[in-house]
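What follows is a short report on a single structure.
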Amino acid sequence: MAKFYDKITTRIQQFIEAQKLFFVATAPKNGRINLSPKGMDTFRVIDQNTVAWLSVTGSGNETSAHLLDTNRITIMFCAFEDAPNILRLYGKAKEVLPINDEWDDYISLFPSLPGTRQIFIVSVESVQTSCGMSLPFYEYQGERNQLNDWASEKGKEGIEQYWNDKNQTSIDGLDTLLKK
């Protein structure tokens with residue numbers, strides 16, 4: 001059965017830190033809902049009601065556009081090994097870019113990754129756990145390196161050009177904070 005909490009407990013934080021995969025969901029007032037899998041050691045619990053997620057360059061920038069439009073976010077973790085569990089973090093988020101004063105406060109929490117684009121700081125309003133008893137077992141075999149290799153090959157100027165070409169607006173035409 002589902003259980004709600006008003007904060008991230010020690011047990012919940014330990015569960016989060018053990019996961020290799022999480023999902024981010026956002027939606028604008030009008031347009032497509034976005035649900036994206038994330039990995040690469042890019043998630044941190046800051047305190048009982050704050051988490052941070054390092055976003056690297058990808059095919060789109062939906063989270064940025066959606067948060068500017070409605071500022072609602074859900075992050076989900078699933079146990080694919082050990083005891084069954086599904087965990088959802090509900091909240092609001094702000095985007096921190098390398099040009100923002102706050103960038104240095106957060107970037108040191110994460111590994112250095114090519115194509116680093118922004119950090120989302122999520123104010124967690126509620127936490128939900130549910131059974132997850134129908135989830136299959138999966139064995140973690142390691143990280144994929146293709147995205148890091150692609151970003152390294154593009155280099156700083158190539159990544160910035162990619163942001164200009166592909167990350168200025170959402171797939172529904174909503175502006176992102178990368179918009180020039």
Side-chain angles (χ1 to χ4, degrees), residues 1-8 12-13 15-16 19 21-40 42-78 85-103 105-107 109-110 113 115-132 134-135 147 150-151 159-180:
M1 290 295 144
K3 188 171 183 181
F4 281 91
Y5 302 85
D6 61 359
K7 64 183 179 183
I8 298 169
I12 290 171
Q13 181 173 347
F15 173 75
I16 289 170
Q19 304 314 302
L21 171 71
F22 62 99
F23 300 86
V24 174
T26 56
K29 291 176 198 144
N30 297 298
R32 296 175 181 104
I33 296 168
N34 189 61
L35 174 62
S36 294
K38 306 295 179 187
M40 297 178 17
T42 58
F43 196 87
R44 297 292 181 270
V45 175
I46 305 297
D47 61 41
Q48 293 180 331
N49 289 99
T50 311
V51 297
W53 154 50
L54 177 68
S55 177
V56 296
T57 301
S59 57
N61 197 7
E62 301 304 295
T63 303
S64 176
H66 292 178
L67 293 174
L68 287 172
D69 189 57
T70 60
N71 198 10
R72 298 175 301 158
I73 190 167
T74 301
I75 299 171
M76 184 178 77
F77 296 87
C78 300
N85 190 24
I86 299 171
L87 173 72
R88 292 178 183 90
L89 306 174
Y90 300 98
K92 300 194 180 318
K94 69 178 178 179
E95 181 176 354
V96 178
L97 298 167
I99 61 170
N100 299 132
D101 292 338
E102 294 172 275
W103 181 258
D105 297 338
Y106 295 105
I107 192 60
L109 300 173
F110 300 99
L113 294 172
T116 293
R117 181 174 58 193
Q118 70 245 102
I119 300 170
F120 292 99
I121 309 302
V122 180
S123 297
V124 177
E125 297 171 341
S126 68
V127 178
Q128 179 197 31
T129 59
S130 57
C131 69
S134 67
L135 294 177
L147 185 61
W150 172 84
I159 288 293
E160 289 176 357
Q161 184 61 51
Y162 186 87
W163 291 347
N164 191 51
D165 295 343
K166 304 281 187 182
N167 288 174
Q168 299 294 306
T169 59
S170 73
I171 57 177
D172 292 314
L174 299 170
D175 287 344
T176 71
L177 281 183
L178 291 177
K179 188 77 173 163
K180 294 181 181 185

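We use all heavy atoms of the structure for the numbers below, so side chains are in, but hydrogens, waters and symmetry mates are not. All values reported here derive from a predicted model rather than from experimental measurement. FYI, the numbering just counts along the sequence from 1.
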Heavy-atom pair of closest approach, residues [X] and [Y]:
| X | Y | result |
| --- | --- | --- |
| F43 | F110 | N-CE2, 4.0 Å |
| T26 | H66 | OG1-ND1, 2.8 Å |
| L97 | Q118 | CD2-CB, 3.7 Å |
| E62 | I171 | OE2-N, 2.9 Å |
| A27 | R72 | O-NH2, 3.6 Å |
| I12 | K7 | CD1-O, 4.4 Å |

For [X], does the [atom1] atom have more than 12 heavy-atom neighbours from other residues, nucleotides or ligands under 6.0 Å away?
| X | atom1 | answer |
| --- | --- | --- |
| N30 | CG | no |
| D101 | CG | no |
| K92 | NZ | yes |

>> Y162: which residues meet the ring-ring contact (aromatic ring centres under 6.0 Å, His included) condition with it, sequence neighbours left out?
In response: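 Y162 satisfies ring-ring contact (aromatic ring centres under 6.0 Å, His included) with W150 only.
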[X] side chain near [Y] side chain, heavy-atom distance below 4.5 Å:
| X | Y | value |
| --- | --- | --- |
| S55 | E95 | no |
| V96 | I121 | yes |
| L89 | V122 | no |

>> Quick one, S170 with R32, criterion side-chain contact (heavy atoms from CB on, under 4.5 Å). Give me CA distance, side-chain angles, the key distance, then yes/no.
In response: CA-CA 9 Å; S170 73; R32 296 175 181 104; over 6 Å; no
Checking the side chain of [X] only, and the main-chain atoms of [Y] only, is there a donor and an acceptor separated by less than 3.5 Å?
| X | Y | answer |
| --- | --- | --- |
| T176 | Q168 | yes |
| T42 | G39 | yes |
| D69 | K29 | yes |
| N71 | A93 | yes |
| T116 | L113 | yes |
| D6 | N49 | no |

> What do the steps show when you test T63 against W53 for side-chain contact (heavy atoms from CB on, under 4.5 Å), and what is the final call?
Replying inline: CA-CA 11 Å; T63 303; W53 154 50; 3.7 Å; yes
Working to the nearest 0.5 angstrom, can you tell me the gap between [X] [atom1] and [Y] [atom2]?
| X | Y | atom1 | atom2 | result |
| --- | --- | --- | --- | --- |
| L54 | M40 | CG | CE | 7.5 Å |
| L177 | L67 | CG | CG | 9.0 Å |
| K94 | I73 | NZ | CD1 | 13.5 Å |
| C78 | F15 | SG | CZ | 7.0 Å |
| M76 | F22 | CE | CZ | 12.0 Å |
| I75 | L87 | CD1 | CG | 9.5 Å |

> What residue among I107, D105, I99 forms side-chain contact (heavy atoms from CB on, under 4.5 Å) with W103?
Replying inline: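 That would be I107; it is the only one of I107, D105, I99 passing the side-chain contact (heavy atoms from CB on, under 4.5 Å) with W103.
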>> Checking side-chain polar atoms at under 3.5 Å, does T57 have a donor or acceptor matched by the opposite partner on R117?
In response: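 Short answer, no.
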